[in-house]
Protein chains: 2
Amino acid sequence: MEIRTLRTFVTVARLKGFSAAARELNTVQPAISRQIHDLEAELGVSLFWRSTRDVRITTAGETLLQEAIEILAHEDRARKLVQRAGQGQIGRLRIGFLSSAAQGFLPAIVRSFSTDFPQVQVSLFEMTAAEQFTALETGQLDIALSRPLPAGAAEHFGSIEIYTDRLFVFLPEGHPLAAQARIAIAALAAHPFVLFQRPGAPGLFDQIITACRRAGFSPEIVAQPNSMQAVLTSVASGIGLSVAPGCIRQLDIKGCVIRPLQADAGSIPFELHHRTDRTEPSTQAFIDLMINSREDIRSRMGL
Amino acid sequence: MEIRTLRTFVTVARLKGFSAAARELNTVQPAISRQIHDLEAELGVSLFWRSTRDVRITTAGETLLQEAIEILAHEDRARKLVQRAGQGQIGRLRIGFLSSAAQGFLPAIVRSFSTDFPQVQVSLFEMTAAEQFTALETGQLDIALSRPLPAGAAEHFGSIEIYTDRLFVFLPEGHPLAAQARIAIAALAAHPFVLFQRPGAPGLFDQIITACRRAGFSPEIVAQPNSMQAVLTSVASGIGLSVAPGCIRQLDIKGCVIRPLQADAGSIPFELHHRTDRTEPSTQAFIDLMINSREDIRSRMGL
DNA sequence: CTTCAGTTATACGGATTTGGTATTACTTAA
DNA sequence: TTAAGTAATACCAAATCCGTATAACTGAAG
């Protein structure tokens with residue numbers, strides 16, 4: 001009992017004739033004859049009473065007709081469901097993000113995605129860059145929105161640059177350096193630093209330290225909070241100054257003054273990461289949306 | 001998307017491997033590979049992520065898996081339903097019967113049939129032989145329990161003899177002829193007859209008239225009631241005597257005396273009739289039951 | 001680091017199945 | 001009686017499918 005056979009059977013029953021069914025199915029009458037004959041043989045049941053003039057369905061045939069119609073409808077439904085799933089219209093999407101870097105644009109992007117793919121279950125996880133990397137590796141995350149991955153570890157992952165941020169100096173109001181419109185790295189040498197703790201964002205931390213070394217000093221780090229908001233609060237409290245990407249301006253910066261760091265103390269790329277070995281269609285759809293939205297995101301981030 | 005393909009797909013998903021599925025399905029791995037590959041191509045969707053080490057199902061695959069399991073279950077259910085219908089376990093059975101001739105055994109037979117085929121809707125119609133013949137011809141009846149059909153008309157019908165009755169004389173109590181243990185037809189010559197009206201049972205009527213003619217007289221028919229019970233009541237009322245098959249004893253015969261008619265005034269076969277062009281399985285099952293019950297019926301009818 | 005066992009994908013030849021043509025037998029309507 | 005239309009059957013060709021052989025690859029064991 002194959003779908004094809006059932007479709008033939010239903011057509012014969014509906015048109016009450018083998019020849020008519022053959023015409024509708026773009027084949028010839030003997031082919032229909034044999035399909036029905038074989039189906040009857042397989043089931044051990046006669047489905048039609050035939051004479052050369054008319055074809056009448058039997059009780060067994062009527063029973064099969066009901067079931068066959070349902071099965072065919074089910075097959076059709078399955079095809080559509082699977083194709084929608086294959087296009088990413090059904091599924092789930094687990095996104096890890098750095099709140100400081102993503103909260104400026106992520107809500108708008110997710111809202112837009114959910115409008116186009118209403119049956120995709122989107123979950124957002126705020127995680128540090130390191131946590132995102134681990135989660136992506138173990139399959140607990142489909143998308144990571146974070147900083148560049150450690151060079152060697154990026155083997156099985158695809159990366160797409162969303163925007164490139166620059167470093168800024170965050171100063172407490174009234175700080176002497178606030179008088180300058182741009183601040184050279186060397187000018188920070190004598191001041192205490194407050195930096196986001198290294199384990200959560202090793203790339204950023206090391207990049208800042210490297211820039212300082214290149215400028216001829218090693219910064220005195222007086223605090224390493226575990227959130228960017230805590231870093232800002234520390235700065236506003238006068239504990240020290242901080243160096244951080246411009247996206248941090250999205251947070252609450254009352255009591256802080258921001259000045260660009262002179263020259264290219266280092267670009268801070270913000271990237272989308274995903275596995276390349278198995279990419280869900282819904283994940284791919286989100287990636288496509290992100291790529292198409294890069295210009296919007298950059299202008300929204302003030303770049 | 002064929003049933004066969006879906007079965008393969010479900011097996012692969014369940015065993016998480018193409019080779020394992022091939023073993024279970026008694027075929028080889030490349031056959032499985034191609035079936036899955038073609039299915040994916042047809043749906044335009046990838047169903048599995050394969051590596052040489054493991055096979056993982058995709059979201060689209062999981063969607064199809066659910067549907068496929070349901071479709072396969074549906075197919076299985078359909079097969080069983082159709083086969084039950086084909087064996088006559090589902091359907092309807094419309095039986096026409098002569099109350100006088102059938103009421104002695106029909107209830108027991110129908111009860112027995114309904115026990116074996118509980119899902120067959122049995123309908124009983126009390127009809128004269130002529131009515132049964134018409135109803136059988138127009139397809140309003142599946143089984144006719146009645147007298148032999150007109151010779152020419154029995155072309156498209158099958159007939160099975162259930163039992164052969166003999167003619168008896170029904171006399172009012174105290175009738176002079178009641179003194180005899182057996183009555184010769186000729187002895188009835190002078191007496192008024194009450195016979196079942198001809199249109200409803202032409203065969204029986206004509207057979208009695210013919211027997212009288214052969215005995216040298218033409219009976220004086222004083223009444224032709226339209227039911228056998230009315231005939232008996234007429235006899236008991238002294239309106240006349242009657243000649244009728246022995247099965248009439250099953251009715252209420254108070255006030256009547258019964259005597260066998262001498263010699264073979266004619267056998268009165270009681271038969272089952274059915275169409276031969278299209279016989280429902282449930283009809284055939286009933287016919288088989290009747291054939292197997294003939295001995296029981298004969299003894300139950302006192303033959 | 002190499003080997004080995006086990007996996008899926010691909011290519012190709014043969015067997016099986018299926019469809020198409022021609023024909024037969026039959027029924028109904030003209 | 002004829003003509004048109006139906007389903008069944010036989011036979012051949014075409015398409016499909018299976019099975020073997022092989023390649024490419026992965027993970028585990030030595």
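Naming convention: chains lettered A, B, ... in sequence-line order (proteins, then strands); numbering from 1 in each chain. Reckoned from all heavy atoms, side chains included, excluding hydrogens, waters and symmetry mates.
Residues meeting the side chain to side chain contact (heavy atoms under 4.5 Å, CB included) test with B:Glu67, sequence neighbours left out: A:His74, A:Arg77, A:Ala78, A:Leu81, B:Glu70. When the side chain to side chain donor-acceptor pair (under 3.5 Å) test is applied to B:Arg79, the partners found at least two apart in sequence or on another chain are A:Glu42, B:Glu75. Remark: B:Arg92 engages B:Arg94, B:Gln121 in a side chain to side chain contact (heavy atoms under 4.5 Å, CB included) (not counting sequence neighbours). For A:Gln83, the side chain to side chain donor-acceptor pair (under 3.5 Å) criterion is met by no residue, not counting sequence neighbours. Looking at residues two or more places apart in sequence or on another chain, you find a side chain to side chain contact (heavy atoms under 4.5 Å, CB included) between A:Ile291 and A:Ile160, A:Ile287, A:Arg294. The side chain to side chain contact (heavy atoms under 4.5 Å, CB included) check on B:Thr59 picks up A:Glu280, with sequence neighbours excluded. Among residues two or more places apart in sequence or in another chain, the ring-ring contact (aromatic ring centres under 6.0 Å, His included) test is passed with B:Phe286 by B:Phe113.
Nucleotides of DNA chain D lying under 4.0 Å from heavy atoms of chain A occupy a range whose first and last members, 5' to 3', are D:dA4 to D:dT9.
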**Message:** So if I define the base as every atom that isn't primed, P, OP1 or OP2, how would nucleotides 7-18 of chain C read as a B/S/- string at a heavy-atom cutoff under 4.0 Å?
**Reply:** BBBB-------B
